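Data first, discussion second: the structure below is written as structure tokens.
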Amino acid sequence: MNGKLIVFEGIDGSGKSTQAKLLSEKLKTLGFNSEYTFEPTNREYGKKLRDSFSSNRLTIDEELDLFILDRKMHIECDMTPWLNEGKVVVLDRYYYSSIAYQGARGYDIEKIKSLHADFIIEPDLVFIFNFEIDKCLKRIEASRGATNLLENKSYLEKVDLIFKKFQGNKFIHIDASLSIDEIHNNILSFVKPLISN
Ligand code: TMP
């Protein structure tokens, strides 16, 4: 695979989707072939998951199973072909979200990792957005009018703690309280060296 995989993670309302889309658009203007994509996807399993967030949350096993099925399909049908074509894939949420969200719900984190080990494509960079949870929730209410079953403070605090534990060369923790332009330029400063190799 000669493409690059760049992942955006963080709690709901942290601004990661805005930045992921901005990055993908910017890469196109710079002459790179880029795709913006997201999980849960809009395919069958992703849709089931989204429905469950607004009405009736699934059991933790059902929820994780569906995320994994959705992710496998996403990798097979979209991401692998794009990466083989040399594209820069900008991915809004990946298996780190399963570790953080299903881990925060009580699923064993090592088990979540092992369930992904045999099919995952490792990303080149992972941006993790940090922003005050109260502000994230306010943003969601302002944009959508209401929060869903996952978007409550005590749960998101646990999710955020797990996100903060990802450390290492490819993990970049982003201060999402900065302006949109500042964050975008910060992100570009990490992405440019990666794609000009
Ligand atoms: P979104 O708000 O980015 O569209 O994501 C939908 C929700 O799905 C969000 O609250 C996080 C949650 N989620 C998980 O719980 N586990 C996962 O593996 C993924 C990808 C998302």
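Note that the coordinates shown come from a computational prediction; the quantities given were computed from them, not determined experimentally. Remember, it's 1-based here, ligands and their atoms both numbered in the order they're listed.
When all heavy atoms of Asn56 and Leu149 are compared, the closest pair comes out as N-CD1, 3.9 Å.
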Side-chain atoms of residues 130-142: list all donor-acceptor pairs with protein atoms under 3.5 Å, sequence neighbours left out, distances to 0.1 Å.
{"residue": "Asp134", "atom": "OD1", "partner": "Lys153", "partner atom": "NZ", "Å": "3.3"}
{"residue": "Asp134", "atom": "OD2", "partner": "Lys153", "partner atom": "NZ", "Å": "3.2"}
{"residue": "Arg139", "atom": "NH1", "partner": "Gly13", "partner atom": "O", "Å": "2.9"}

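Cation-pi geometry between Arg57 and Tyr101 is not met: the NZ or CZ atom fails to fall both under 6.0 Å from the ring centre and inside 45° of the normal.
A donor-acceptor contact closer than 3.5 angstrom links the side chains of Glu122 and Tyr95.
Between Glu151 and Arg144 there is a side-chain heavy-atom pair separated by less than 4.5 Å.
The aromatic rings of Phe8 and Phe129 lie tilted to each other, with the angle between the two planes from 30° to 60°.
Sorted by chain then number, the residues whose non-hydrogen atoms approach ligand 1 to under 4.0 Å are Asp12, Lys16, Glu39, Pro40, Arg50, Phe53, Phe67, Arg71, Arg93, Ser97, Ser98, Tyr101, Gln102, Leu150.
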